[in-house]
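Step one of this worksheet: look at the structure below.
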Amino acid sequence: MTTSPRNTFKKSERLCSRILIDCLFQGDSRSVSAFPIRAVFTPSEEVSGVSILISVPKKRFHHAVDRNRVKRQIREAYRKNKHQFIEQVAQSGKGLLVAFLYVSDKMESTEYIEKRVVRLLDKMGEAL
RNA sequence: GCAGUUGGACGGUCUGUCGCUUGCUCCACGCGGAGUAUGAGGAAAGUCCGGGCAACAGAGAGCAUCCCGCUUGUUAAUUUGCAAGCUGUCGGUGACGGCAGGGGAAACGCAGAAGAAAAUAACCGCCUCUCGCCAGGGAGGUAAGGGUGAGAAGGUGAGGUAAGAGCUCACCAGUCGGGUGGUGACACCACGAGCUGUGCGUCCCGGGAGUUGCAAGGUCAUGUAUACCGGUGUUUGAGGGUUGCUCGCCCGAGCCGGAGGGUAGACCGCUAUAGCCUGUCGGCAACGUCAGGCACAGAUAAAUGACAGACGCUACGAGCAUGACUCGUAGUACAGAACCCGGCUUACAGGCCAACUGCUUUC
RNA sequence: CGGGAUGUAGUACAGUUGGUAGUAUACUUGGUUUGGGACCAAGGGGUCGCACGUUCGAGUCGUGUCAUCCCGA
């Protein structure tokens with residue numbers, strides 16, 4: 001592969017801190033949705049770049065296997081298509097916290113999920 | 001050959017691209033980068049049991065409370081564990097499987113509806129005596145027949161009787177005592193005795209039970225405030241501990257309520273052990289003894305993946321060169337570690353191995 | 001991940017020792033009123049989450065299973 005940016009997904013790109021998560025869900029964060037996924041995001045100066053988390057509610061998928069499957073699908077889709085979005089965020093000068101929430105109660109194909117994630121990233125890029 | 005029972009072991013393989021976790025090495029030593037190794041299960045699940053481990057508590061006596069319950073073994077594991085058995089009951093032609101199981105014909109309590117009556121039984125019926133012209137009435141005896149019910153005074157037959165009744169006898173079932181066999185639950189008997197309703201509970205016997213759970217608990221860092229209000233008390237003893245209560249004993253200046261403030265990071269615990277494999281010996285077996293070998297996930301908003309292709313397996317259909325051939329279509333399960341083990345239970349496409357059972361065919 | 005609780009009429013809840021499942025509200029019908037509400041009278045409505053077991057007989061006792069909720073640095 002000779003593509004210039006590598007499609008990595010390191011620990012530093014994930015949102016792990018409990019404080020930042022509380023700040024994301026309590027405050028005046030905005031959201032966009034592209035069914036079956038909804039994204040909640042808020043700018044923050046405490047992080048550099050983009051930190052994301054993926055959430056699949058237990059209420060919609062009772063089995064851990066299914067939840068893991070959906071989370072992995074979303075993660076792969078983000079990993080492959082994140083570069084343009086990250087550049088847009090970098091131009092704004094702040095970091096960004098993003099939560100991807102799966103709101104459907106049906107499993108979808110990986111291809112479909114990837115298309116929806118790309119659409120979601122475009123929408124968020126415009127909203128900035 | 002087909003159908004089945006029990007036990008055991010398995011539950012995909014390979015290639016490519018892009019990624020993730022952890023360990024090690026090297027380069028950078030500011031964040032990181034490169035290489036290499038490594039990475040889910042038989043149930044990781046439900047959390048139904050039992051342990052390990054950890055923190056706290058713990059002088060003692062009596063009385064309650066709760067839990068467990070066929071036997072003998074086995075295990076770290078009183079059990080809803082395991083193995084080999086016992087008894088009863090249900091299912092199956094059978095191999096076999098499911099469920100229940102301390103004692104109690106010692107005593108006491110309770111038993112809706114139905115029924116005359118639920119345990120010192122007389123409604124109908126049967127029999128005797130008696131009153132009466134008759135119809136019928138009264139006194140008494142009787143548990144063989146009737147219907148109710150889960151259960152009706154052990155069951156069947158004969159004798160006996162006014163009619164009947166373990167009233168007597170024979171056989172059968174059960175109980176207690178005795179004998180024989182077995183470690184034992186129990187089994188068996190030309191034995192003896194008495195004469196026996198069903199269910200639940202109280203009761204009796206034996207054994208057991210401190211509490212909380214890795215978000216236990218410990219170290220470091222960051223940060224702050226017991227600032228304030230009310231009640232009560234300091235030898236005239238508040239309050240607390242001692243499992244629930246009582247006694248007894250101990251601690252002894254704070255305690256209770258309200259209303260608040262701060263942290264939300266890192267590390268240890270954290271994976272090596274009732275560990276796995278092979279063999280020997282003991283045992284019907286579960287399991288144990290000894291010897292040798294092996295090292296096998298540690299994440300933390302939570303890694304172990306995503307996509308594409310090929311193969312394998314199963315089912316169905318088609319083809320002709322009728323073979324374990326080719327082509328097409330569909331399917332390829334249940335399910336994801338979170339302190340660690342052992343067991344149980346529940347879910348599960350598909351095939352494999354061993355022993356056994358029934359039916360059919362051939363010799 | 002660990003610990004705990006609850007499933008009963010459309011809704012919210014009772015139901016101790018196992019023995020004909022009730023209360024409130026909602027619903028239906030009738031009365032009262034010029035009409036409606038309130039009130040009075042009568043009535044209907046239940047797989048007691050599901051399955052199996054113990055028992056003569058389970059809402060209740062036992063086991064399994066499904067769903068919902070709560071607590072825990």
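In what follows, chains carry the letters A, B, and so on, assigned in the order in which the sequence lines appear, proteins first and then strands, with residues in each chain numbered from 1.
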Nearest-angstrom distance from the residue atom CD of A:E76 to P of B:G305: 11 Å
Interatomic distance at C1', B:G94 relative to B:C356, whole Å: 11 Å
Complementary nucleotide of B:G35, counting Watson-Crick and G-U pairs under 3.5 Å: B:C24
Stepwise salt bridge (Lys or Arg N to Asp or Glu O under 4.0 Å) test for A:R79 and A:E76: CA-CA 5 Å; A:R79 185 170 68 78; A:E76 288 294 305; 2.6 Å; yes
First encountered from the 5' end of RNA chain B, between A:S109 and A:I54: A:I54
Between B:G309 and B:U25 - P atom distance, rounded Å: 42 Å
Integer-rounded Å distance: B:A333 P and A:D66 CG: 13 Å
Closest to the A:R69 side chain, choosing from B:G336, B:A301, B:C307: B:C307
Whole-Å distance separating the CD atom of A:E114 from the P atom of B:A306: 14 Å
Rounded distance in Å between the P positions of B:C14 and B:A37: 16 Å
Nearest-Å distance once atom C1' is located in both C:G53 and B:C90: 13 Å
Interatomic distance, A:R67 CZ vs B:A45 P [rounded to whole Å]: 13 Å
Protein-nucleotide distance (A:Y78, atom OH; B:C18, atom C1'), rounded to Å: 16 Å
Proximal nucleotide (of B:C307, B:A301, B:A40) relative to the A:T110 side chain: B:C307
Presence of donor-acceptor pair under 3.5 Å, side chain of A:R75 and base of B:C20: no
B:A83 to B:U345 separation - P atoms, rounded to the nearest Å: 11 Å
